[in-house]
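Input: a single structure, listed below in structure tokens.
As the structure is a computational prediction, the values presented were derived from the model and not from experiment. Along the sequence shown, residues carry numbers from 1.
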Amino acid sequence: MARRPGAPAAYVEEFSFVSPLVKYLLFFFNMLFWVISMVMVSIGIYARLMKHAEAALACLAVDPAILLFVVGVLMFLLTFCGCIGSLRENICLLQTFSICLTIVFLLQLAAGVLGFVFSDKARGKVSELINNAIVHYRDDLDLQNLIDFGQKEFSCCGGISYKDWSQNMYFNCSEDNPSRERCSVPYSCCLHTPSQAVINTMCGQGMQALDYLEAGKVIYTNGCIDKLVNWIHSNLFLLGGVALGLAIPQLVGILLSQILVNQIKDQIKLQLYNQQHRADPWY
């Protein structure tokens, strides 16, 4: 298009479709989560290095430190693409960021839907995870503290019942088990009163040898799976709010990245148009 005589050429040269607001909002958005990812990776590495070598090989599948490290690394790579892509206006990095974030969002959505539709299978997977954690209870201090915290908070013991602790080699009730904790349960299974000043860590001694009525006077006999399911059913609105809180930043990141990509493409078209018409004396 021919430029009117006297129209400022600087306006044509300096005009940009790329909005600084969108660009730097996406940059600082990714920078925040980039810093969080580095903290997660650091904590995961530190927690892992503080453990014994035997524990490091014993239960990698249920190690919270490994899970924290993996999630932190994935978040670091994803937000790095978003940071550099927005700052350098790189379409390739921005598209990578947008596609990966979309995949993560869809996987979370699919997991939620499948977990709701196939609740029985999801319950089986949770049961398998808890039983695996019980087996490795003494192998990992972080895992041990996590199980103790869960049993105290949900007032439960074991997966289905307190007798599930026989799956652990230290708490097993077999006659050939030389452990001093034979046929016992962890102290976190025990009933506690508010007036109790000192925790009796041996309160679960021999509880697996007792029936439900006798053991119920000292420990929680109900398993944690049913307690967890009941808690989920009672806190659906809370879980929905948490899910929404995780989804909104992802959707905002996808939207901002796509807006910025389109603006960069429009800017490239403008630059090509300007280059093609520089030789036009009427431009």
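The two residues I134 and D164 make their nearest non-hydrogen contact at CG2-O, 3.8 Å. The shortest heavy-atom contact between G158 and Q151 is N-OE1, 3.0 Å. Across R182 and C173, no two heavy atoms sit closer than the pair NH2-O, 3.2 Å. Closest non-hydrogen pair, V261 versus Q95, comes out as CG1-NE2, 3.7 Å.
If you take CD1 on I99 and CG on L78, they are separated by 11.5 Å, rounding to the nearest 0.5 Å. One finds the CG atom of N90 at 9.5 Å from the CD1 atom of I84 (value rounded to the nearest 0.5 Å). Taken from CD1 in I219 to OG in S155, the straight-line distance is 12.5 Å, to the nearest 0.5 Å. In this structure, F154 CZ and S188 OG are separated by 13.0 Å, a value rounded to the nearest 0.5 Å. Here the CG-OH distance, from N145 to Y137, works out to 8.0 Å after rounding to the nearest 0.5 Å. The line from CZ of F29 to CH2 of W34 is 15.5 Å long, rounded to the nearest 0.5 Å.
Taking hydrophobic clusters as Ile, Leu, Val, Met, Phe, Trp and Tyr residues chained together by side-chain heavy-atom distances below 4.5 Å, L213 does not share a cluster with V218. No single ILVMFWY cluster, assembled from side-chain heavy atoms under 4.5 Å apart, contains both L74 and L107. By the criterion of side-chain heavy atoms lying less than 4.5 angstrom apart, applied directly or through intervening Ile, Leu, Val, Met, Phe, Trp or Tyr residues, I91 is grouped together with L255 in one hydrophobic cluster. Connection of F149 to I130 is not established within any shared hydrophobic cluster, with ILVMFWY side chains joined at heavy-atom distances below 4.5 Å, either directly or through further cluster members.
A donor and an acceptor atom, one from each side chain of Q250 and Q108, are located under 3.5 Å apart. Looking only at atom types and distance, the side chain of N177 has no donor-acceptor partner in the side chain of S179 under 3.5 Å away.
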Could you walk me through whether H136 and Q144 pass the side chain to side chain contact (heavy atoms under 4.5 Å, CB included) check?
-> CA-CA 8 Å; H136 297 289; Q144 179 176 321; over 6 Å; no
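Taking the side chain as every heavy atom from C-beta outward, Y24 and L87 approach each other to under 4.5 Å. You'll find the side chain of S234 stays beyond 4.5 Å of the side chain of W231, heavy atoms only. Counting heavy atoms from C-beta outward, R88 and L93 have side chains that stay 4.5 Å or more apart. Counting heavy atoms from C-beta on, the side chains of T221 and S161 never come closer than 4.5 Å.
Judged purely by atom type and a 3.5 angstrom limit, Q263 uses its side chain to pair as donor or acceptor with the backbone of S19. Checking side-chain atoms of Q267 against main-chain N and O of F17 turns up a donor-acceptor pair under 3.5 Å.
Residue pairs satisfying the ring-ring contact (aromatic ring centres under 6.0 Å, His included) criterion with at least one member in residues 80-109, sequence neighbours excluded, are absent.
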Taking distance alone, no hydrogens or angles, what donor-acceptor pairs closer than 3.5 Å link side-chain atoms of residues 202-210 to residues at least two apart or in another chain?
from	atom 1	to	atom 2	distance (Å)
Q205	NE2	R180	O	2.7
Q208	OE1	S166	N	3.2
Q208	OE1	S166	OG	2.5
Q208	NE2	F171	O	3.0
Q208	NE2	S184	O	2.6

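Taken as a pair, C156 and C189 fail the criterion of an SG-SG distance shorter than 2.5 angstrom.
In M169, the CE atom is not crowded: 12 or fewer heavy atoms of neighbouring residues, nucleotides or ligands sit closer than 6.0 Å.
Results of the side chain to side chain contact (heavy atoms under 4.5 Å, CB included) test with I232 over V229, N230, L228 single out L228 as the only residue that passes.
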